[in-house]
Amino acid sequence: MGPSDAQTPGRAAAGSSGARALITIGQLASYAGVTIKAVRHYHRIGLLPEPPRDRSGYRTYDAAAVVTLIRIHALADAGVPLARVQQLLDAEPDEFAAEVRRIDAQLRAEVRRLQRNRTRIAALAAGDSLALPPSVVDYLDRLRRIGVDERILQLERDAWIMVAAQVPDEIDAVIGRKHAELDDPDMVRLYLLLSQAVDWTAEEPRIVELADALETLMNRSIAAGRSENPDDLDDTLIDLVDATTLASSPVAGRLLDILHERGWRGWTRVQRLHDLPDET
């Protein structure tokens, strides 16, 4: 390999007084405002012709190379993909203008996408926004404002993540009904009881009070013909959410036992036992 191209001073080609002025790769890079590494990269991808080495083993460049490199750098610095730079270098004025407009439209679309991502990232700072639609986040914020314990909110959040993923087209309507239920003081009381219950043991006598509050609301919902959740939720998903709730606290298991004794089954999809078909 010949001597370093970057360290050899500029010189004129040997011959007559009209010989071309030639410069080194380092000078070329400096004139164009790029690095030597960038020049070599443009050589590798075919954007900038690579001159042969002279008799001393150096690569030298003329004014045309400076102009070409400056144009390449201007296009790349403006955001033009390198794969399209050659097309623009070779284009006629009308074709160049049309291609620039196309690239500009693509860049503006990319800017909009990045702005949406920034908005989403900023929302994630709140924690609840990950994998949840805005309607659910608003509902969880409302629960937080009325004083629901963060451990209950975490269970709610995880359940809604699974539900929203399965029925994305219905989730806003479901949350709308949940907001309406929160207008009922008895529902607020239930949530506040649940918040207290996270620190109870299975022997806590107030679990009966919690069962009473829950049963009152369930009877009222059935009498009104309401369903809190979409009917097309997968049974396996229902079982998964229920299992998560049961594992969260010993109170949950005791509460469901009491409700079962009173003729109820389920947590996410509550049903009266006498309404179910006979499985015998």
Side-chain angles (χ1 to χ4, degrees), residues 128 132 135-164 166-167 170-235 237-276:
D128 289 334
L132 281 175
S135 60
V136 179
V137 175
D138 289 344
Y139 176 69
L140 294 175
D141 285 343
R142 185 177 177 186
L143 291 178
R144 189 174 284 110
R145 288 194 299 272
I146 67 176
V148 176
D149 188 276
E150 285 295 330
R151 289 166 290 183
I152 297 296
L153 288 172
Q154 182 176 339
L155 287 172
E156 286 266 340
R157 181 199 65 203
D158 291 350
W160 286 118
I161 286 174
M162 291 185 281
V163 172
Q166 186 168 2
V167 288
E170 298 180 51
I171 193 64
D172 288 347
V174 172
I175 291 298
R177 293 195 293 272
K178 299 294 288 186
H179 272 295
E181 291 172 1
L182 274 184
D183 293 334
D184 184 345
D186 287 339
M187 180 61 74
V188 174
R189 175 172 171 266
L190 174 64
Y191 267 111
L192 295 180
L193 277 173
L194 287 169
S195 294
Q196 298 173 34
V198 293
D199 293 317
W200 294 350
T201 67
E203 291 72 37
E204 171 62 50
R206 284 177 293 175
I207 296 177
V208 174
E209 179 185 358
L210 182 57
D212 292 342
L214 185 55
E215 186 174 23
T216 295
L217 289 167
M218 292 189 301
N219 277 321
R220 192 180 301 167
S221 178
I222 288 177
R226 295 195 303 266
S227 174
E228 293 186 4
N229 298 304
D231 293 332
D232 55 353
L233 284 180
D234 183 81
D235 288 342
L237 177 62
I238 295 291
D239 292 342
L240 187 60
V241 173
D242 284 357
T244 301
T245 301
L246 285 170
S248 67
S249 167
V251 172
R254 176 63 183 137
L255 177 61
L256 288 183
D257 287 342
I258 293 173
L259 291 173
H260 191 272
E261 292 168 2
R262 298 181 181 185
W264 299 91
R265 186 177 77 175
W267 179 263
T268 304
R269 180 183 287 151
V270 179
Q271 297 170 296
R272 283 190 300 204
L273 293 175
H274 66 73
D275 291 335
L276 298 175

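The structure displayed is predicted, hence computed values, not measured ones. As a basis for the values below, the full set of heavy atoms in this structure was taken, side chains included, without hydrogen atoms, waters or symmetry mates.
- Under the side-chain hydrogen bond (donor to acceptor under 3.5 Å, both in side chains) criterion, N219 pairs with no residue, sequence neighbours left out.
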Open item on the list: Run the side chain to side chain contact (heavy atoms under 4.5 Å, CB included) test on L140 and L132 for me, step by step, so that the C-alpha distance in whole Å, both residues' side-chain angles and the decisive distance to 0.1 Å come before the verdict.
Closed with: CA-CA 10 Å; L140 294 175; L132 281 175; 3.8 Å; yes
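- Going from atom CD of E204 over to atom CG of L210 covers 10.0 Å, rounded to the nearest 0.5 Å.
- Annotation: the span from Q166 atom CD to I161 atom CD1 amounts to 14.5 Å, rounded to 0.5 Å.
- Residues passing the side-chain hydrogen bond (donor to acceptor under 3.5 Å, both in side chains) test with D199, sequence neighbours excluded: R151.
- In this structure, W200 has no side-chain hydrogen bond (donor to acceptor under 3.5 Å, both in side chains) partners at least two apart in sequence or on a different chain.
- For H260, the side-chain hydrogen bond (donor to acceptor under 3.5 Å, both in side chains) test picks out no residue, with sequence neighbours left out.
- When atom types are taken as modelled, the side chain of T216 and the backbone of D212 share a donor-acceptor pair closer than 3.5 angstrom.
- Between R142 and D183 there is a salt bridge, since at least one side-chain N of the basic residue sits less than 4.0 Å from a carboxylate O of the acidic one.
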Show every donor-acceptor pair shorter than 3.5 Å between a side-chain atom in residues 184-196 and any protein atom, with sequence neighbours excluded, or say none if there are none.
residue : atom : partner : partner atom : Å
D184    : OD1  : D186    : N            : 2.9
D184    : OD2  : R220    : NH1          : 2.5
D186    : OD2  : R220    : NH1          : 3.4
D186    : OD2  : R220    : NH2          : 2.8
R189    : NH2  : E209    : OE2          : 3.1
Y191    : OH   : Y139    : OH           : 2.9
Y191    : OH   : E156    : OE2          : 2.7
S195    : OG   : D149    : N            : 2.8
S195    : OG   : Y191    : O            : 3.0

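- For D172, the side-chain contact (heavy atoms from CB on, under 4.5 Å) criterion is met by S135, not counting sequence neighbours.
- Here the straight-line distance linking atom CD of Q271 with atom CH2 of W264 works out to 10.5 Å at 0.5 Å rounding.
- Note that CD1 of I171 and CH2 of W160 are 5.0 Å apart. Values are rounded to the nearest 0.5 Å.
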Please table the atom pairs, donor to acceptor, closer than 3.5 Å between any side-chain atom in residues 246-259 and protein atoms at least two apart or in another chain.
residue : atom : partner : partner atom : Å
S248    : OG   : T245    : O            : 2.5
S249    : OG   : V251    : N            : 3.1

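- Side-chain contact between I146 and L182: present, with at least one pair of heavy atoms (C-beta onward) separated by less than 4.5 Å.
- Residue pairs that meet the salt bridge (charged side-chain N to carboxylate O under 4.0 Å, His left out) test with at least one member in residues 239-248, sequence neighbours left out, do not exist here.
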